[in-house]
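By convention in this document, chain letters (A, B, ...) are assigned in the order of the sequence lines, proteins followed by strands, and residues within each chain are numbered from 1. Because the structure is predicted, anything quoted here is derived from the model rather than measured.
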Protein chains: 2
Amino acid sequence: MPEFLDLHSRTTKVLRALVETAMRRHGLHQGQDHLLAALWKRDGGTPGEIAAALHVTTPTVVKMATRMSAVGLLTRRRDEHDSRLVRLWLTDAGRALREPVEAERRNLEEKITADLTEDERRLLMTALGKIHKAGGDLL
Amino acid sequence: MPEFLDLHSRTTKVLRALVETAMRRHGLHQGQDHLLAALWKRDGGTPGEIAAALHVTTPTVVKMATRMSAVGLLTRRRDEHDSRLVRLWLTDAGRALREPVEAERRNLEEKITADLTEDERRLLMTALGKIHKAGGDLL
DNA sequence: CCCTAGTCATTTGCCGTCTAACGATTGATG
DNA sequence: CATCAATCGTTAGACGGCAAATGACTAGGG
């Protein structure tokens with residue numbers, strides 16, 4: 001089994017578990033913080049726009065939005081000028097999560113990268129960036 | 001949004017898509033190659049053993065095994081000495097996938113890391129390794 | 001002005017993954 | 001030797017994710 005692919009997949013599992021438990025503290029599931037982040041950046045986005053921003057398909061956003069609106073994090077409303085569109089709007093509860101969730105994520109990133117030297121951190125980012133780009137080109 | 005966590009999650013999405021399409025060429029779904037790899041290494045493993053080797057829960061292996069046995073990649077058989085145990089055995093079809101799948105994975109790894117210098121590749125592994133370890137400790 | 005082609009969101013169905021509940025078997029203990 | 005705790009696999013149900021099919025609405029062309 002190839003070295004990098006293998007290590008990356010194991011790391012992904014660990015990180016996912018970590019993010020999962022961190023986000024559950026705020027009543028969120030894995031990925032929902034990203035959807036919220038998209039709305040924090042630009043409230044009232046359409047499922048299609050958000051899906052593109054998150055690099056995810058539209059049905060994924062639709063499903064998540066349904067669950068998140070069920071727990072009162074956001075609301076759905078059709079666009080007034082184009083009835084094909086739906087816009088997702090944050091509720092106060094959704095807005096209120098911004099600070100704690102962003103802090104949680106920063107905190108996690110720090111703990112995770114604590115053992116790295118500044119050089120390692122920088123090189124890790126450029127190397128991962130290259131791989132991300134190469135992968136995207138192959139897609 | 002933290003730098004590394006963000007880049008890592010984007011990279012994961014890309015890599016998953018890549019692995020997915022690569023494995024689909026052999027009639028596999030994401031993750032099933034790992035299950036097969038475990039059996040290639042040691043045929044007749046129990047769901048629990050395999051789950052531990054893959055860093056995944058037992059139910060996940062059970063479900064995958066059900067689907068994979070339905071398409072004839074492996075068979076289930078109860079252990080003769082301990083009827084609580086179930087052992088998964090490769091079929092010829094499952095064994096036959098070994099070379100092509102391993103080649104596919106090596107090929108993908110090469111293409112993905114082609115842009116990296118030898119130094120970058122080495123540092124990437126040690127840095128990712130540190131993160132993997134730090135994450136595991138936090139779990 | 002109507003009809004068609006394009007654009008969206010949604011639904012459906014599948015897969016991997018997890019946690020929690022359930023069921024069966026083994027083994028140790030009194 | 002019978003019972004009870006530990007050990008396994010399986011099932012049930014939830015979630016993120018994807019592809020394909022469906023349905024509603026808009027806009028452009030005749």
Side-chain angles (χ1 to χ4, degrees), chain A residues 9-10 12-24 27-36 38 44-52 54-71 73-88 139, chain B residues 9-10 12-24 27-36 38 44-52 54-71 73-88 139:
Chain A
S9 105
R10 282 202 315 264
T12 297
K13 280 193 178 65
V14 171
L15 290 186
R16 182 149 57 100
L18 242 32
V19 171
E20 177 76 37
T21 67
M23 288 308 150
R24 187 156 33 217
L28 295 180
H29 292 270
Q30 160 74 33
Q32 298 189 342
D33 54 332
H34 290 123
L35 174 26
L36 285 181
T46 70
E49 290 168 355
I50 296 173
L54 302 190
H55 303 102
V56 148
T57 62
T58 308
T60 297
V61 172
V62 169
K63 272 194 191 177
M64 284 179 52
T66 299
R67 286 164 187 143
M68 292 170 76
S69 95
V71 293
L73 291 171
L74 52 83
T75 64
R76 267 190 169 88
R77 207 180 314 150
R78 293 216 95 88
D79 185 289
E80 299 178 352
H81 304 305
D82 188 339
S83 299
R84 289 172 300 186
L85 303 180
V86 161
R87 299 199 170 274
L88 305 180
L139 224 45
Chain B
S9 106
R10 282 201 316 264
T12 297
K13 280 193 178 65
V14 171
L15 290 186
R16 180 148 58 100
L18 242 32
V19 171
E20 176 76 37
T21 68
M23 289 308 150
R24 187 157 34 217
L28 296 180
H29 291 271
Q30 160 74 33
Q32 298 190 341
D33 55 333
H34 290 123
L35 175 27
L36 285 181
T46 70
E49 289 169 357
I50 297 174
L54 302 191
H55 302 102
V56 147
T57 62
T58 309
T60 297
V61 171
V62 169
K63 273 194 187 177
M64 283 179 54
T66 300
R67 288 167 187 140
M68 291 170 75
S69 95
V71 293
L73 291 171
L74 52 83
T75 65
R76 266 191 169 86
R77 207 180 314 149
R78 294 214 93 89
D79 185 289
E80 299 177 352
H81 304 303
D82 188 340
S83 299
R84 288 172 301 186
L85 302 181
V86 161
R87 300 201 170 272
L88 304 180
L139 223 46

5'-most contact on DNA chain D: Met64(A) or His81(A), nearest heavy atom basis? Met64(A)
Base, sugar-phosphate alone, or nothing: which one does Glu20(A) contact when heavy atoms must sit under 4.0 Å apart? nothing
Provide, to the nearest angstrom, the distance between the CD1 atom belonging to Ile50(A) and the P atom belonging to dC8(C). 14 Å
Please evaluate residues Val14(A) and His55(B) with respect to the criterion side-chain contact (heavy atoms from CB on, under 4.5 Å), reporting the C-alpha separation (whole Å), side-chain torsions for both, the decisive distance (0.1 Å), and the verdict. CA-CA 9 Å; Val14(A) 171; His55(B) 302 102; over 6 Å; no
Where do Ser69(A) and Leu74(A) land on the side-chain contact (heavy atoms from CB on, under 4.5 Å) test, with the steps shown first? CA-CA 5 Å; Ser69(A) 95; Leu74(A) 52 83; 3.7 Å; yes
Gap between atoms CZ and P, on Arg16(A) and dT19(C) respectively (whole Å): 10 Å
note: Arg24(A), atom CZ; dT19(C), atom P; distance rounded to Å ~ 7 Å
On DNA chain C, nearest-nucleotide positions of Glu49(A) versus Lys13(A): which is more 5'? Glu49(A)
Any side-chain N or O of Gln30(A) under 4.0 Å from OP1/OP2 of dC15(D)? no
If I take atom CE in residue Met23(A) and atom P in nucleotide dC18(C), what distance separates them, rounded to the nearest angstrom? 19 Å
note: Asp82(A), atom CG; dT26(D), atom P; distance rounded to Å ~ 6 Å
Using a heavy-atom cut-off of under 4.0 Å over every strand shown, decide if Gly48(A) touches base, sugar-phosphate, or nothing. sugar-phosphate
Spacing of Arg78(B) atom CZ relative to dT26(C) atom C1', expressed in whole Å: 13 Å
Using a 3.5 Å distance criterion without hydrogens, assess whether the side chain of Arg87(B) forms a donor-acceptor pair with backbone atoms of Asp79(B). no
Arg67(A) CZ to dT11(C) C1', in whole Å, measures 13 Å
Please give me the minimum heavy-atom distance between Leu54(A) and His34(A), naming the atom from each residue. CD2-O, 3.6 Å
Can you see which heavy atom on Thr12(B) is nearest to which on Thr12(A), and at what distance? OG1-OG1, 3.4 Å
Under 4.0 Å between a Lys/Arg side-chain N and an Asp/Glu carboxylate O for Glu20(A) and Arg24(A)? yes
For a quick check of understanding: with a heavy-atom distance under 4.0 Å over all strands, which category does Arg76(B) fall into, base, sugar-phosphate or nothing? sugar-phosphate
If the test is side chain to side chain contact (heavy atoms under 4.5 Å, CB included), which one of Leu35(A), Val62(A), Thr60(A) qualifies with Pro47(A)? Val62(A)
Would you mind classifying the nucleic acid contact of Thr46(A) as base, sugar-phosphate or nothing, using non-hydrogen atoms under 4.0 angstrom? sugar-phosphate
Tell me which residues in residues 54-63 of chain A lie within less than 4.0 Å of DNA chain D, going by non-hydrogen atoms. Val56(A), Thr57(A), Pro59(A), Thr60(A), Lys63(A)
Whole-Å distance, His29(B) NE2 to dA19(D) P, equals 13 Å
